[in-house]
Amino acid sequence: VSDHLAAVSIAGLERMAAETLSDDAFAYYSSGARDEFTQRANRAAWDSWCFVPRVLIDSRSAKVATTILGTAVSSPIMVAPMAAQRMAHPDGELATARAAARSGSIMVLSMSSSEPIETVAAIGGSLWLQLYVSHDRTKLDSLIDRAAAAGAGAIVITVDSMLEASTHRRPHGSRDPAYPPLPMHPRGRMDHAIDWDFVAKLTSEVNMPIVLKGILSPSDGILAADTGCAAVIVSNHGGRQLDGAVTTAQALPDVVAAVNGRIETYVDGGIRRGGQVLKALALGARAVLVGRPVLWGLAAAGEAGAFRALDVLKTELGQDMRQAGVRSLDEVPRALVTMNMVTPPQGEPLRGQ
Ligand SMILES: Cc1cc2nc3c(=O)[nH]c(=O)nc-3n(C[C@H](O)[C@H](O)[C@H](O)COP(=O)(O)O)c2cc1C
């Protein structure tokens with residue numbers, strides 16, 4: 001299987017996943033909210049930035065290794081939190097965690113994981129825990145304590161999910177036998193009535209970096225820094241929450257400008273090529289997260305597939321750095337990208353290898 005995967009792109013993994021998964025599961029993973037405008041636009045938006053490569057620079061030794069919140073990683077590509085991965089493959093989050101660990105990447109474990117954090121942490125890679133928070137601090141504190149005890153490097157608070165099941169298609173919870181139990185997250189409505197005071201209290205009381213996921217407004221980027229967060233993730237939840245929300249490739253530069261280097265900024269949504277990672281870094285992101293690409297790999301071939309997803313992005317990133325004359329991720333100039341003047345084709349399937 002691994003040899004067979006050696007030449008497969010993210011698009012190829014997606015095709016393999018579509019053949020492997022049930023129609024319901026594939027729809028759950030691939031879909032976005034309502035008309036799926038944001039879900040499709042996220043991908044197209046990376047095409048609205050073009051490279052302005054520099055030439056005659058010796059970038060043969062270009063390295064994709066970097067640090068994220070001080071942790072050394074093999075590339076600036078993290079695994080986004082995604083619910084219920086056992087639906088994609090029987091090994092679920094364990095396979096993803098092994099792939100992430102082997103690739104030297106950070107995995108953000110979803111609160112709606114089909115495995116408890118202790119089991120996933122035992123694999124030994126770098127792990128962060130994503131939480132949806134409510135005013136019920138007892139449950140929240142116990143999850144944060146478990147994350148700390150398991151050696152998690154950060155807590156990611158997802159702030160863009162005001163409606164629980166959202167409007168994207170989803171298998172019907174407990175009635176669907178394929179939908180695994182969620183050991184850390186009992187089903188049911190979540191209380192999202194939290195505000196910036198809550199975040200400020202959390203960052204002052206919790207002895208771990210707090211990262212806010214789901215920031216699109218520059219003003220919220222500033223508030224995140226003001227309230228003691230360690231980083232923000234510019235994200236619209238892969239187009240699965242507010243349809244019509246701005247694409248992350250468009251929102252990123254304004255958030256970066258507002259945050260002004262006070263905290264780290266990451267981005268996710270629609271990233272399917274290593275070159276798009278390079279564009280994100282040129283626009284000021286320290287790192288990116290990828291969601292569906294890892295799920296496609298997981299569904300297609302378990303750990304080997306999830307590993308391939310991370311590996312192909314990393315390889316493409318290194319190749320594109322060399323082609324664009326970028327020697328190091330510490331110096332990706334803003335001038336490396338410019339706005340595309342040509343409307344890119346919207347929502348077309350990716351082709352080729
Ligand atoms: C099937 C699926 C489940 C997800 N579950 C979660 C989740 O539990 N928590 C969360 O913060 N984000 C969740 N997300 C959003 C991802 O973390 C991420 O923001 C998004 O997938 C990035 O876009 P991409 O899939 O185009 O890379 C989920 C996304 C998908 C596709």
Side-chain angles (χ1 to χ4, degrees), residues 67-71 73 78-83 85 93 96-97 100-101 105-162 164 182-186 190-215 220-221 223-235 237 241 255 259 262-268 285-289 291:
T67 61
I68 299 174
L69 288 182
T71 300
V73 284
M78 296 187 265
V79 179
M82 287 172 294
Q85 296 179 18
E93 285 81 2
T96 306
S105 155
I106 293 171
M107 171 177 177
V108 185
L109 184 70
S110 167
M111 181 184 193
S112 310
S113 165
S114 30
E115 297 284 344
I117 186 168
E118 291 78 8
T119 319
V120 183
I123 284 163
S126 296
L127 200 66
W128 295 359
L129 178 64
Q130 174 264 324
L131 298 174
Y132 294 107
V133 299
S134 71
H135 274 294
D136 176 6
R137 279 295 294 266
T138 324
K139 177 151 188 291
L140 182 62
D141 289 345
S142 103
L143 282 169
I144 291 173
D145 289 348
R146 282 171 64 184
I155 298 290
V156 175
I157 307 284
T158 298
V159 291
D160 62 9
S161 307
M162 302 306 288
E164 204 232 345
L182 307 174
M184 296 187 294
H185 182 202
M190 291 174 295
D191 165 18
H192 285 286
I194 57 154
D195 53 19
W196 289 103
D197 290 339
F198 183 94
V199 174
K201 205 160 164 340
L202 202 64
T203 58
S204 67
E205 290 171 6
V206 172
N207 195 18
M208 288 171 95
I210 303 284
V211 177
L212 293 191
K213 174 170 182 282
I215 298 297
D220 286 343
L223 285 169
D226 288 348
T227 51
C229 295
V232 289
I233 304 174
V234 173
S235 174
H237 216 104
Q241 291 294 331
V255 174
V259 164
R262 293 166 67 201
I263 58 178
E264 294 188 353
T265 302
Y266 320 127
V267 65
D268 75 15
R286 171 106 202 149
V288 307
L289 296 87

Taking C-beta and beyond as the side chain, do [X] and [Y] meet within less than 4.5 Å on heavy atoms?
X: L223; Y: C229; value: no
X: L69; Y: V211; value: yes
X: M111; Y: V156; value: no
X: I157; Y: V199; value: no
X: T96; Y: V120; value: no
X: M78; Y: D268; value: no

With rounding to the nearest 0.5 Å, note down the distance linking [atom1] in [X] to [atom2] in [Y].
X: R137; Y: K201; atom1: CZ; atom2: NZ; answer: 5.5 Å
X: D220; Y: I215; atom1: CG; atom2: CD1; answer: 5.0 Å
X: I155; Y: N207; atom1: CD1; atom2: CG; answer: 11.5 Å
X: I144; Y: I210; atom1: CD1; atom2: CD1; answer: 5.5 Å
X: L109; Y: E115; atom1: CG; atom2: CD; answer: 9.0 Å

Under the 3.5 angstrom rule, does the side chain of [X] hit a backbone N or O of [Y] as a donor-acceptor pair?
X: R286; Y: I263; answer: no
X: Q130; Y: T158; answer: no
X: T203; Y: T227; answer: yes
X: Q85; Y: S114; answer: no

Below 30° counts as parallel, above 60° as perpendicular, anything between as tilted: where do the rings of Y266 and W128 land?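 Tilted.
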Which heavy atom of [X] sits nearest to which heavy atom of [Y], and what is that distance?
X: A154; Y: M208; answer: N-CE, 4.1 Å
X: L289; Y: A80; answer: CD2-CA, 3.8 Å
X: V79; Y: A100; answer: CG2-CB, 4.1 Å
X: D160; Y: G214; answer: OD2-CA, 3.6 Å
X: L129; Y: A147; answer: CD2-CB, 3.8 Å
X: G125; Y: A101; answer: CA-CB, 3.7 Å

When you look at E93 and I117, which way does the side chain to side chain contact (heavy atoms under 4.5 Å, CB included) test go after all the steps? CA-CA 10 Å; E93 285 81 2; I117 186 168; over 6 Å; no
